[in-house]
Number of protein chains: 2
Amino acid sequence: MTDYLELAAPGVKGLRPYQPGKPVEELEREYGISNIIKLASNENPLGPSPLALDAIRQELDQLARYPDGNGFVLKQALSTKLGVPQSHITLGNGSNDILEIIVRAFATPDNDIIFSRHAFAVYPLVVKAINAKPVETPAKDWGHDLDAMTEAVTENTRLIFIANPNNPTGTWLAGAALKAFIAGLPRHVIVVVDEAYFEYAIDPRMQAEGYPDALQWLDEFPNLIVTRTFSKAYGLAALRVGYAVSHPGIADLLNRVRQPFNVNHLALVAASAALNDAQHLDKGIHLNAVGMQQLVEGFDAMGLTFIPSVGNFISVDVGKEAAGVYDALLREGVIVRPVANYQMPNHLRVTIGLAQENARFLQSLQKVLA
Amino acid sequence: MTDYLELAAPGVKGLRPYQPGKPVEELEREYGISNIIKLASNENPLGPSPLALDAIRQELDQLARYPDGNGFVLKQALSTKLGVPQSHITLGNGSNDILEIIVRAFATPDNDIIFSRHAFAVYPLVVKAINAKPVETPAKDWGHDLDAMTEAVTENTRLIFIANPNNPTGTWLAGAALKAFIAGLPRHVIVVVDEAYFEYAIDPRMQAEGYPDALQWLDEFPNLIVTRTFSKAYGLAALRVGYAVSHPGIADLLNRVRQPFNVNHLALVAASAALNDAQHLDKGIHLNAVGMQQLVEGFDAMGLTFIPSVGNFISVDVGKEAAGVYDALLREGVIVRPVANYQMPNHLRVTIGLAQENARFLQSLQKVLA
């Protein structure tokens with residue numbers, strides 16, 4: 001047996017794994033530099049609520065026990081917070097796990113799965129892994145083109161992924177348009193509204209402009225799944241907690257595919273506790289808004305164009321192939337995210353950091369581009 | 001859309017999720033009793049090494065960061081400990097994740113996947129989830145019948161699962177027989193040797209009787225995958241860390257299917273630290289041997305037969321349908337594991353606990369059976 005690829009499942013043969021943001025330790029090892037800042041993975045610069053840390057410390061004598069496979073405590077907390085029954089909730093090892101579970105529960109190699117150009121890179125990955133057919137629709141002003149997505153639907157379409165807001169573009173869809181789109185879908189199509197950056201987009205300004213909370217439509221559209229995460233605004237990316245909210249019939253199927261202990265115990269208790277700290281969440285959202293303004297002004301001052309974003313990140317056009325700029329920033333100790341794999345070769349995606357991190361990034365960018 | 005089952009992938013329609021051991025909190029909620037002992041999930045009664053707890057405490061300021069998707073530090077520690085290159089290792093969110101990744105990487109609905117009667121319940125689950133064909137071979141003295149497994153191989157066979165020792169029977173295969181079995185397999189068949197309970201079986205007594213470390217055969221058999229876990233002897237079930245060791249060509253394919261952040265950050269650092277505490281590991285293995293003797297003597301005194309086990313658990317025949325005995329034990333505040341789903345309706349599986357837990361279980365069993 002010399003070629004293992006011959007034995008691999010068909011979808012796996014062509015699979016190229018997701019490329020994460022470069023970890024700080026890796027840059028230290030490879031380049032031998034220190035004092036590094038990482039603005040590459042849309043992580044919360046404030047970290048999680050102190051309540052989450054307390055919850056972890058209190059459970060350190062429970063590590064030999066398997067997690068509660070039903071995630072009762074976290075589901076109860078989410079149920080209260082969101083106003084949905086526990087039977088509507090599916091817990092995931094991050095949103096990534098949820099997206100994979102959805103595809104595995106509902107799609108086969110005979111199905112088309114639709115997503116937009118420049119949308120989150122995990123969508124095509126989970127589709128290809130099961131050898132289903134990825135259908136990428138064109139973008140409109142860097143965002144999702146709902147008309148193009150409607151036109152792409154066939155009798156073989158089983159799933160549509162909508163990121164709202166989208167990563168890495170930061171674009172968003174207003175409630176009226178998105179609702180009309182979902183209402184117009186045939187009954188055999190399940191639509192996943194991925195709200196990983198929801199918390200950043202619900203400030204009063206965005207709500208006034210029509211950014212929707214898709215949970216409000218669950219009763220109306222039984223073919224709707226809304227996904228969220230604790231990795232962004234809740235500052236718990238290290239622990240891997242995401243969730244889906246859907247009709248209980250869908251949740252039942254997702255929970256059949258879900259691994260019985262997919263979310264670990266410390267993750268369950270930390271996420272439950274973090275839900276109780278609205279003040280910390282608000283502080284992070286405010287910091288993000290101020291930092292976004294700082295970057296936008298910096299880009300304007302440098303004469304760089306960018307895609308207006310409602311997330312905790314922004315994609316800036318560096319005016320040329322961005323790979324070299326990314327490398328030069330690494331040598332300055334600044335990690336951002338190249339997005340050539342999103343068909344955005346001239347952009348870099350930068351996470352909003354602390355004020356001093358944003359300032360250092362802007363200075364380094366100016367130096368590198370000079 | 002009234003019937004979501006119509007939209008589900010074929011394997012998912014018949015899927016019944018894994019039934020975990022009953023959590024202590026659930027029994028408290030349902031029965032309103034306290035002072036509960038749980039001997040239901042083969043958890044280490046000593047808990048993990050204190051080094052693991054220290055490692056977690058030191059990383060609590062890193063929770064907003066994504067885990068290292070490559071798991072560099074843990075792979076490095078495992079590589080040193082096991083004497084295999086890092087390129088041979090695949091990390092999983094528990095062994096369960098590893099087993100699922102293996103099936104998804106190598107099998108399709110056209111493939112047969114072989115496992116033994118009374119073998120670990122997750123094997124048929126991961127097979128059914130992808131709609132491959134589960135092939136269950138008969139047991140021999142409650143353990144794997146390697147001749148029957150060899151006979152079951154067809155041109156469509158892609159995977160064989162061997163649990164050594166097996167859960168829930170505690171049976172094991174000697175090195176010579178297992179090696180001859182693997183050597184006799186055709187080249188298109190990948191064999192997974194699941195060594196979740198490996199650490200309990202490697203005491204000098206077992207090694208003298210021929211219990212093998214399957215890692216020694218990796219160079220010889222490129223179609224071999226060995227899986228292990230930190231959930232049992234290392235006492236870290238709450239954190240979900242398992243791993244596979246294989247030819248790097250196989251590891252490459254497994255890592256393509258693996259979710260990029262499948263093992264969370266606290267799990268990575270705790271597992272790495274736990275590997276450095278050989279003394280704690282030995283203490284747990286010794287405690288287990290003494291406790292096993294305590295239960296065996298207790299069963300003998302009650303005239304109950306049991307399956308001799310080299311794991312950290314033992315399955316006892318209660319002489320009648322065990323479901324009622326299980327329920328009666330719950331009311332006594334003692335959680336053990338019914339194994340009717342393993343086609344062992346008269347057995348209960350009991351985890352070896354602390355001496356006082358073992359004693360209380362034996363007293364409760366005697367009372368309930370009286």
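Not measured: the values here are computed from a predicted model. Throughout, protein chains are lettered first and strands after them, A, B, ... in sequence-line order, and every chain is numbered starting at 1.
At a cut-off of 3.5 Å, with distance as the only test, a side-chain donor of B:Glu59 or B:His265 sits close to an acceptor on the other residue.
Around CG of A:Asp219, the count of heavy atoms belonging to other residues, nucleotides or ligands within 6.0 Å does not exceed 12. Within 6.0 Å of atom CD in B:Glu220, more than 12 heavy atoms from other residues, nucleotides or ligands are found, so the atom counts as buried in its surroundings.
With chain B as partner, the option from A:Arg29, A:Arg57, A:Arg16, A:Gln62 having the largest number of non-hydrogen pairs under 4.5 angstrom is A:Arg29. When B:Val122, B:Asn42, B:Leu239 are compared by the number of non-hydrogen pairs under 4.5 Å with chain A, B:Leu239 comes out ahead. Looking only at heavy-atom pairs under 4.5 Å with chain B, the residue among A:Phe261, A:Tyr234, A:Phe230 that has the most is A:Phe261. Looking only at heavy-atom pairs under 4.5 Å with chain B, the residue among A:Val73, A:Asn262, A:Asp68 that has the most is A:Asn262. The most heavy-atom pairs under 4.5 Å with chain A, out of B:Asp97, B:Asn70, B:Val257, come from B:Asp97. Between chain B and the options A:Arg65, A:Glu25, A:Arg158, the largest number of non-hydrogen pairs under 4.5 Å is found for A:Arg65. The greatest number of non-hydrogen atom pairs below 4.5 Å with chain A, out of B:Asn44, B:Ile130, B:Thr108, B:Asn96, is found for B:Asn96. The most heavy-atom pairs under 4.5 Å with chain B, out of A:Glu26, A:Arg258, A:Lys22, A:Lys38, come from A:Lys38. The choice from A:Val24, A:Asp252, A:Leu268, A:Leu60 that makes the most heavy-atom pairs within less than 4.5 Å of chain B is A:Leu60.
The main-chain N or O of A:Leu39 is found under 3.5 Å from a side-chain atom of A:Thr351 such that the two form a donor-acceptor pair. With hydrogens and angles ignored, the 3.5 Å screen pairs no side-chain donor or acceptor of B:Arg240 with any backbone N or O of B:Gly94. Remark: side-chain polar atoms of A:Asn312 are not paired, donor with acceptor, to backbone N or O of A:Ile352 under 3.5 angstrom. The main-chain N or O of B:Ala251 is found under 3.5 Å from a side-chain atom of B:Asn255 such that the two form a donor-acceptor pair.
A 4.5 Å side-chain heavy-atom check between B:Ile36 and B:Ile335 finds at least one atom pair inside the cut-off. Contact annotation: the side chain of A:Leu287 approaches that of A:Leu354 to within less than 4.5 Å [non-hydrogen atoms, C-beta and beyond].
In this structure, chain B has a heavy atom under 4.5 Å from the side chain of A:Lys232, while its backbone stays farther away. A:Phe72 touches chain B through its side chain: at least one heavy atom from C-beta onward sits under 4.5 Å away, while N, CA, C and O do not. For A:Ile56, the part lying near chain B is the side chain, with the backbone staying farther off; criterion is any non-hydrogen pair under 4.5 Å. Contacts between A:Leu46 and chain B at a heavy-atom distance below 4.5 Å are absent for every atom of the residue. Only the side chain of A:Glu100 has a heavy atom closer than 4.5 Å to any heavy atom of chain B. For B:Ala8, the parts lying near chain A are the backbone and the side chain together; criterion is any non-hydrogen pair under 4.5 Å.
Interatomic distance, CG of A:Leu15 versus CG of B:Leu253, reported as 9.5 Å (0.5 Å rounding).
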